Colleague: 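Following this message is one structure expressed as structure tokens.
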Amino acid sequence: MENRLMNSNFIWDAIDKDLQEHVYDRVHTRFPPEPNGYLHIGHCKALCTNFGTAKKYNGLVNLRLDDTNPEKEETHFVEGIMDDIHWLGFDWNGGLYYASDYYEKLYDIAVDFINRGLAYVDELTPEQMTEYRGTLTEPGKNSPYRDRPIEENLRLFKEMKEGKHAEGSMILRAKIDMAHPNINMRDPAMYRILFAEHHRTGTKWCIYPMYDFAHPLSDAFEHITHSLCSLEFEDHRPLYEWFINNSLHMLDGAHPRQIEFARLNLTNTVMSKRYLRTLVENGLVMGWDDPRMPTLVGLRRRGYTPEAIKDFIDRIGLSKADSEVDYGLLEFCVREDLEDKVSRAMAVIDPILVEFSNWDEDKIDEFTVNNHPNHPEFGTHSIKFGKRIYIEASDFMEEPVKKFHRMSPGKEVRLKDAYIVKCESVEKDSDGNIIKIICTVDLNSRSGSEGSNRKVKGTLHWVNADDCSPFEARLINSILLDDDENAGKDFIERFNPDSMIKKHGYMEKYLDDAKVGDKYQFLRTGYFCKDKDSTDSLPVFNRIVGLRDSFSKALKSNNK
RNA sequence: UGGGGAAUUGUGUAACGGUAGCACCUGCGACUCUGACUCGCAUUGUAUGGGUUCGAAUCCUAUUUCCCCAGCCA
């Protein structure tokens, strides 16, 4: 399925050309997440692009944890990232690396830069730095420390490393051009002082390299050929080249090429780590793996499959144009993948009681039903039919709208795999709420018999009231309110209080055997996945995605 | 207002001077013991103005709009 639809894209065109012109004779990519959170669907595009490209060219791909900021990074995120990548079905055949593995090497290169007058220790305060940087339209100006002697730079940088200077008191900067039209080239920081504990190197270091310095050199150390990243790094590319070109004598010939592509945006989805973190930390969701979260662990818990996600990434293509993909495409991919993979079963989410007036109290009929309508190899299971059943409350209307092919007074409807029944009357409580629907069963219409062959408008799913299990259905909606009314509000205020609706319903006994993670299609209501919150007495099922529903769509457009 | 990018149907993406295609969405129909699946049909597009050419989404030119950059984050 991988790369099934992606016939070409501008990156592969560029690589083809590189190979043809012998700029490179192999392809080696890397996926460099920062371990400061869990991977989300947005990372997935970068992930699939780097892993998929390596695979297409029979090349290698490295996993590199870009851990140059000790203040944000944690080991359990590293583990989570590796677990997610494996879950997707990828493996880093080029090896596992950490930017922190290169601290020593990077330090040596930094010293070499100082020796060649390409870097200096600056003692401007952060505020002064900003001021000296200039603006988008005005050039910056040189720091008074810019031309201090090499020996002094060497001594100061060493002292920085030895912890002799306070955080923020000095930094190492590349000496490029304070008047450069590209702000990234105005003497960018290479090292800052941070007395923080690093998840891998502990307190060994108190100076840490910046992304712009560490990343290109890490690529070079690992002999990466194509460094595929997102568009916001496009104007860092000159810097990327600068660091590499000025380190060539310290490298063994490797010269990676950075190519940028547009990142994934999805409708009704926030992908900023900051917001996801806020949701977790404020307890608005149950954790990084909450089924509402666009994280891979969240999508996985909800029931999305790796195949569906990878197919989605293939379908959205790769380009440099900013875009926003309709979430419906992801849902389509999930449905398409699950369609031929999971068994069907019946569960009523919003139950209403139906009683049959012409059915004896103790009479029970039993049916053998297919687990999948198009795949006999999925086997069968049995269901029991008795005097009382539950149907979906929305499948009954006392005064039906037009084209309502469901239950209403005087009309016949088929109960899936059982009988054709007719609604005779309803019982209401003192407030006028329907508490029971009275039906008659057409005894000649038993499923499988000749009498069952006649056509009736609708077929409903149901469960036997005396032979079913209670369960909790979690219906998942958009995690934030994204309508015009909420557009300008703070993220927290935009959290959708109805993002997860819990319903108590009844399911057929067949589903008692489901294990956490098992997926089913609940007939007519959608695909569901058993959640880890399940208990022995109350199984919990997340709705992965609903079925396509042309009836409710038609209803909506009629009402407009 | 500096620099770097991008504009093809509702959405996403192809077409690399020669029939604007594909997928999703949407609509209509067939089928159906899931209003699902499946199948068939259909609608809608080259940001704008000039130019080159037999021929332009593609080349030139002038505009317009949108995105990114002023962390000691990545």
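Each chain gets a letter, A, B and so on, in the order the sequences are listed, and its residues count up from 1. Nothing here was measured: the structure is a model prediction, and the numbers come from that model.
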Colleague: Checking one value: the base orientation of B:G71, syn if chi is within 90 degrees of 0, otherwise anti.
Modeller: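 Here B:G71 takes the syn form, which means its glycosidic angle is within 90° of 0.
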
Colleague: When you compare the ring of A:Tyr211 with the six-membered ring of B:A74's base, are the centres less than 5.5 Å apart and the planes under 30° from each other?
Modeller: no

Colleague: Would you say B:A36 has OP1 or OP2 under 4.0 Å from some side-chain N or O of A:Ser550?
Modeller: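 Yes, A:Ser550 has a side-chain N/O under 4.0 Å of OP1/OP2 on B:A36.
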
Colleague: Tell me what A:Tyr208 touches on the nucleic acid: a base, only sugar-phosphate, or nothing, going by heavy atoms under 4.0 Å.
Modeller: nothing

Colleague: Taking the side chain of A:Glu34 as heavy atoms from C-beta outward, which of B:G12, B:A74, B:C37 is closest to it?
Modeller: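 Nucleotide nearest to A:Glu34's side chain: B:A74.
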
Colleague: Answer yes or no as to whether B:G35 has its base stacked against A:His405, where stacking requires a ring-centre separation under 5.5 angstrom and planes under 30 degrees apart.
Modeller: yes

Colleague: Below 4.0 angstrom from OP1 or OP2 of B:A74, is there any side-chain N or O of A:Thr68?
Modeller: yes

Colleague: When the C1' atoms of B:U64 and B:U52 are considered, how many whole Å apart are they?
Modeller: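 It works out to 23 Å between them.
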
Colleague: Would you say the side chains of A:Asp219 and A:Tyr240 form a donor-acceptor pair under 3.5 Å?
Modeller: yes

Colleague: Closer than 4.0 Å, any side-chain N/O of A:Thr267 to the OP1 or OP2 of B:U11?
Modeller: no

Colleague: Among A:Glu392, A:His405, A:Arg414, A:Met407, exactly one meets side-chain contact (heavy atoms from CB on, under 4.5 Å) together with A:Leu460. Which residue is that?
Modeller: A:Met407

Colleague: Checking contacts here: which listed nucleotide (B:C72, B:C33, B:C67) is nearest the side-chain heavy atoms of A:Ser447?
Modeller: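 Looking only at heavy atoms from C-beta outward on A:Ser447, the closest nucleotide is B:C33.
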
Colleague: On a whole-Å scale, what distance lies between the C1' atoms belonging to B:C22 and B:U8?
Modeller: 13 Å

Colleague: Ignoring hydrogens and angles, are the base of B:G35 and the side chain of A:Arg548 linked by a donor-acceptor pair under 3.5 Å?
Modeller: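 Flag unset: no donor-acceptor pair detected.
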
Colleague: Using Watson-Crick or G-U wobble geometry with both distances under 3.5 Å, which nucleotide pairs with B:U64?
Modeller: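 The base-pairing partner of B:U64, which may sit in any strand shown, is B:A7.
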
Colleague: Among A:His198, A:Met210, A:Arg192, find the one that has a side-chain contact (heavy atoms from CB on, under 4.5 Å) with A:Asn69.
Modeller: A:Arg192

Colleague: For B:G35, take OP1 and OP2 only and decide whether either is under 4.0 Å from a side-chain N or O of A:Lys553.
Modeller: no

Colleague: Whole-Å distance between B:G12 C1' and A:Asn265 CG?
Modeller: 12 Å

Colleague: Measure the distance from OH on A:Tyr240 to P on B:G4 and round it to the nearest whole Å.
Modeller: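 To the nearest whole Å, that distance equals 21 Å.
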
Colleague: What is the distance from NZ of A:Lys457 to P of B:C33, rounded to the nearest Å?
Modeller: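 So the NZ-P distance, A:Lys457 to B:C33, works out to 14 Å.
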
Colleague: Sticking with atom P, work out how far B:A30 lies from B:U65, rounded to a whole angstrom.
Modeller: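 Per the computed distance, 50 Å lies between those P atoms.
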
Colleague: Under a plain distance cut-off of 3.5 Å, with no hydrogens placed, do A:Asp365 and A:Tyr419 share a side-chain donor-acceptor pair?
Modeller: yes

Colleague: Could you tell me which nucleotide pairs with B:U46 by Watson-Crick or G-U wobble geometry, both distances under 3.5 Å, or answer none if nothing does?
Modeller: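 For B:U46, the partner nucleotide comes out as none, under the 3.5 Å rule.
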
Colleague: Considering just the side-chain nitrogens and oxygens of A:Arg192, establish if one lies under 4.0 Å of OP1 or OP2 belonging to B:A74.
Modeller: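 So the side-chain polar atoms of A:Arg192 do come within 4.0 Å of the phosphate oxygens OP1 or OP2 of B:A74, strictly under.
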
Colleague: Suppose we define a pair by two distances each less than 3.5 Å, Watson-Crick or G-U wobble; what does B:G17 pair with here?
Modeller: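 Its partner: none found.
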
Colleague: Looking across every strand, which nucleic acid part, if any, lies under 4.0 Å from A:His236 by heavy atom: base, sugar-phosphate, or nothing?
Modeller: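 Base, at least one base atom sits under 4.0 Å.
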
Colleague: With a 4.0 Å limit, can you tell me whether A:Ser8 has a side-chain N or O closer than that to the phosphate oxygens OP1/OP2 of B:A15?
Modeller: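 Result: yes.
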
Colleague: For A:Pro373, which contact category applies under a 4.0 Å heavy-atom criterion: base, sugar-phosphate, or nothing?
Modeller: base

Colleague: Pairing check on B:U53: which nucleotide meets the Watson-Crick or G-U wobble criteria with it, both distances under 3.5 Å?
Modeller: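 Base-paired to nothing in any strand shown.
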
Colleague: As a test of reading the structure: which of B:A70, B:G35, B:C72 is closest to the side chain of A:Met129, going by heavy atoms?
Modeller: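 In terms of side-chain proximity for A:Met129, the closest of B:A70, B:G35, B:C72 is B:C72.
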
Colleague: Return the nearest nucleotide to the side chain of A:Asn9; candidates are B:A14, B:U34, B:C24.
Modeller: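 Out of B:A14, B:U34, B:C24, the nucleotide with an atom closest to A:Asn9's side chain is B:A14.
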
Colleague: Return the pairing partner of B:A30 with a 3.5 Å limit on both distances, Watson-Crick or G-U wobble; otherwise return none.
Modeller: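 Checking every strand shown, B:A30 finds its partner in B:U38, with both distances under 3.5 Å.
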
Colleague: Without decimals, in angstroms, what is the distance between A:Gln521 CD and B:U34 P?
Modeller: 11 Å

Colleague: Would you kindly give the CD-to-P distance between A:Glu324 and B:C66, to the nearest whole Å?
Modeller: 16 Å

Colleague: What is the pairing partner of B:G2, taking Watson-Crick or G-U wobble pairs with both distances under 3.5 Å in any strand?
Modeller: B:C69

Colleague: Has the side chain of A:Arg344 got a donor or acceptor that lies under 3.5 Å from a partner of the other kind on the base of B:U34?
Modeller: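 By the distance-only test, yes, there is a pair.
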
Colleague: Please check: side-chain N/O of A:Arg30 versus main-chain N/O of A:Leu228, any donor-acceptor pairing under 3.5 Å?
Modeller: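 The answer is yes, because a donor-acceptor pair under 3.5 Å joins these two groups.
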
Colleague: Just by distance, with hydrogens left out, do A:Glu366 and A:Ser382 show a side-chain donor and acceptor under 3.5 Å apart?
Modeller: yes

Colleague: So which of A:Phe157, A:Tyr103, A:Tyr208, A:Tyr120 actually passes ring pair (Phe, Tyr, Trp, His ring centres under 6.0 Å) with A:Tyr191?
Modeller: A:Phe157

Colleague: Main chain of A:Thr380, side chain of A:Asn370: is a donor-acceptor contact present, judged purely on distance under 3.5 Å?
Modeller: no

Colleague: What is the distance from CD of A:Glu232 to P of B:G3, rounded to the nearest Å?
Modeller: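 Distance, rounded to whole Å: 21 Å.
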
Colleague: Rounding to an integer number of angstrom, what distance separates B:A20 and B:U44 when you compare their C1' atoms?
Modeller: 13 Å

Colleague: How far, in whole Å, is B:U19 from B:U61 if one measures between their C1' atoms?
Modeller: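 Their C1' atoms lie roughly 29 Å apart.
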
Colleague: Which listed nucleotide (B:A6, B:A36, B:G35) is nearest to the side chain of A:Asp549?
Modeller: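 Nearest to the side chain of A:Asp549 among the choices is B:G35.
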
Colleague: Would you kindly give the CG-to-P distance between A:Leu239 and B:G71, to the nearest whole Å?
Modeller: 15 Å

Colleague: Is there a side-chain polar atom (N or O) of A:Arg335 under 4.0 Å from OP1 or OP2 of B:U38?
Modeller: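 For B:U38, neither OP1 nor OP2 has a side-chain N or O of A:Arg335 closer than 4.0 Å.
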
Colleague: Within the structure shown, what part of the strands sits under 4.0 Å from A:Gly448 by heavy-atom distance: base, sugar-phosphate, or nothing?
Modeller: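 Base contact.
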
Colleague: Counting only heavy atoms not in A:Lys273 (residues, nucleotides, ligands), do more than 12 fall under 6.0 Å from its NZ?
Modeller: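 Result for NZ/A:Lys273: enclosed.
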
Colleague: Just checking A:Leu329: base, sugar-phosphate only, or nothing, at a heavy-atom cut-off of under 4.0 Å?
Modeller: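 The residue A:Leu329 makes sugar-phosphate contact but no base contact.
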
Colleague: Rounded off to whole Å, could you give me the NE2-to-C1' distance for the A:His215 and B:C73 pair?
Modeller: 14 Å

Colleague: On the nucleotide B:C67, are OP1 or OP2 found under 4.0 Å from the side-chain N or O atoms that A:Arg263 carries?
Modeller: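 For B:C67, OP1/OP2 do not have a side-chain N/O of A:Arg263 under 4.0 Å.
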
Colleague: So what does A:Glu71 hit on the nucleic acid, given a heavy-atom distance under 4.0 Å: a base, only sugar-phosphate, or nothing?
Modeller: nothing

